[in-house]
Amino acid sequence: MTDAIYLDCNATTPLKPAVIAAMSAVLGEVGNASSVHRFGRVARRMVEDSRAEVAQLVGAAPRQVIFTSGGTEANSQVLAGETRRVLVSAIEHDSVLKAADAEFIPVDSDGRVDVAALETMLATSGCDTTIAVMLANNETGVIQPIADVARIAKAHRAHVHCDAVQAAGKIAIDMAALGVDTLTLSAHKFGGPQGVGALIVRDGVEIAPLLVGGRQEHGRRAGTENVAAIHGFGVAAALARRELDGMNTLAQRRDAMEAQLRQATPAVVFSSGAARLPNTSCIAMPGVSAETQVMAFDLAGIAVSAGSACSSGKIQPSHVLQAMGVAPALAGSAIRVSAGWSTTAAQTEKFVEQWIGLWARLGARDGRSAPAA
Ligand code: PLP
């Protein structure tokens, strides 16, 4: 896989070398973080050091961090079994969409949540409401106006949950400035291990445990802590904070890549008018299905993903593009290209080369041109 090019970092990122080194050292050790003997105390220290690092990544205090098995669990802990009215943006990840019986807040054609529509929806409910809006979308990279959402929500004393899984490590996050009550993180989206994440809870907010049967995480999440993974999460969080400036380079490369594709082919770049994560492009090659593109790029040694969900072997149109009002045919030809800390300029150039070649072979042959987005 050495020559293969991985451009699917919104699905998962490679572990950073320092994370591998740190976790490898811990895997050889024994110790339950709840044990009182020295082995347990060493494990506890590691968990608490990581808690401090993860808290710092989002400007929170360590006591506010609950370690979970990942983003899905953290989202579920807030939303599953919610008895209040639940409003979620129409472009949320499935772990939010499927967690509760929710009403959808619409988005505009760039994929930004419609704050005015939220205000109207809230006018018919009082403080018995939970709102979930993600900080950045996993398919388009669009950064959402969370501070505005929170301001309106607070006027109605609603709970605001923010899934920041895709934003962490790519843009700076200050939970207090965002004004949200709960926030979700996942380590594997920024160079940490899979299977570990966190729910960050504002002081004074009551959150019931999803998993019961132990007093871990101050009674808010039962189960023996995954010490090695939590340690890796902490190292990844510290690195992400230090390396945030490097994201400007990714953004410049991404913009140059999109410009080249648009110049050489009728590529349609979604949400290019909105503030986006520095690493994400959602691009359609009109007339060529996303499935065909993903396979063709894979054969050329490049991993990208379809801007759509795969369920029971069938590619479903992306609910995100659908919510943005993109025509089904165009949405069906959209792929997601997501770079990361390990992506080089040469790899991005190779992708551009392959895209242009693919368009020449499959797209341009019957003289197609781009339909409107
Ligand atoms: N939320 C968003 C926006 C995601 O992109 C993902 C993963 O793709 C998740 C939640 C789920 O996170 P995890 O894989 O840690 O369960």
Side-chain angles (χ1 to χ4, degrees), residues 6-15 19 50 54 57-58 65-80 88-100 102 104-105 107 111-113 131-144 146 149 160-171 173 178 180 182-200 210-211 221 223 226 229-230 232-233 236-237 240 271 276-277 279-282 303-311 316 318-321 323 336-340:
Y6 186 77
L7 293 174
D8 198 13
C9 288
N10 285 10
T12 196
T13 54
L15 287 172
V19 174
S50 293
V54 169
L57 182 65
V58 297
V65 176
I66 305 173
F67 285 119
T68 65
S69 66
T72 301
E73 183 189 320
N75 286 336
S76 280
Q77 185 161 358
V78 176
L79 297 165
V88 307
S89 88
I91 56 165
E92 295 296 305
H93 185 263
D94 267 359
S95 57
V96 167
L97 291 177
K98 303 267 160 71
F104 299 139
I105 313 161
V107 296
R112 257 180 312 236
V113 73
I131 298 165
V133 178
M134 64 204 328
L135 186 45
N137 182 260
N138 44 305
E139 290 186 28
T140 60
V142 171
I143 298 168
Q144 302 298 324
I146 299 298
V149 167
V160 182
H161 175 64
C162 180
D163 176 347
V165 162
Q166 290 295 343
K170 295 169 192 152
I171 56 171
I173 302 176
L178 290 175
V180 301
T182 46
L183 182 133
T184 290
L185 296 175
S186 175
H188 74 102
K189 306 293 185 177
F190 56 90
Q194 297 176 345
V196 63
L199 178 66
I200 323 288
L210 188 63
L211 303 181
R221 201 268 186 183
N226 183 346
I230 289 173
F233 188 9
S271 308
R276 283 182 295 161
L277 293 175
N279 75 318
T280 309
S281 296
C282 183
V304 294
S305 70
S308 47
C310 188
S311 94
Q316 307 284 332
S318 151
H319 71 281
V320 175
L321 297 181
R336 178 183 68 188
V337 181
S338 52

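Each ligand, and each atom within it, is numbered from 1 in the order the structure gives. One is the number of the first residue; the rest follow in order along the sequence.
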With a 4.5 Å cut-off on side-chain heavy atoms, are [Y] and [X] touching?
{"X": "Asn279", "Y": "Asn10", "value": "yes"}
{"X": "Val196", "Y": "Asn226", "value": "no"}
{"X": "Arg276", "Y": "Asn137", "value": "no"}

Any side-chain donor near an acceptor of the partner, Gln194 and Thr12, under 3.5 Å: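 Thr12 and Gln194 do have a side-chain donor-acceptor pair below 3.5 Å.
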Neighbouring residues of ligand 1, heavy-atom cut-off under 4.0 Å: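 Ligand 1 pocket, heavy atoms under 4.0 Å: Gly70, Gly71, Thr72, Asn75, His93, Ser95, Met134, Asn138, Asp163, Val165, Gln166, Ser186, His188, Lys189.
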Parallel, tilted or perpendicular: rings of Phe233 and Phe67 (30°, 60°):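 The arrangement is perpendicular - the two ring planes meet at more than 60°.
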Worked check of side-chain contact (heavy atoms from CB on, under 4.5 Å) between Thr182 and Leu199: CA-CA 7 Å; Thr182 46; Leu199 178 66; 4.1 Å; yes
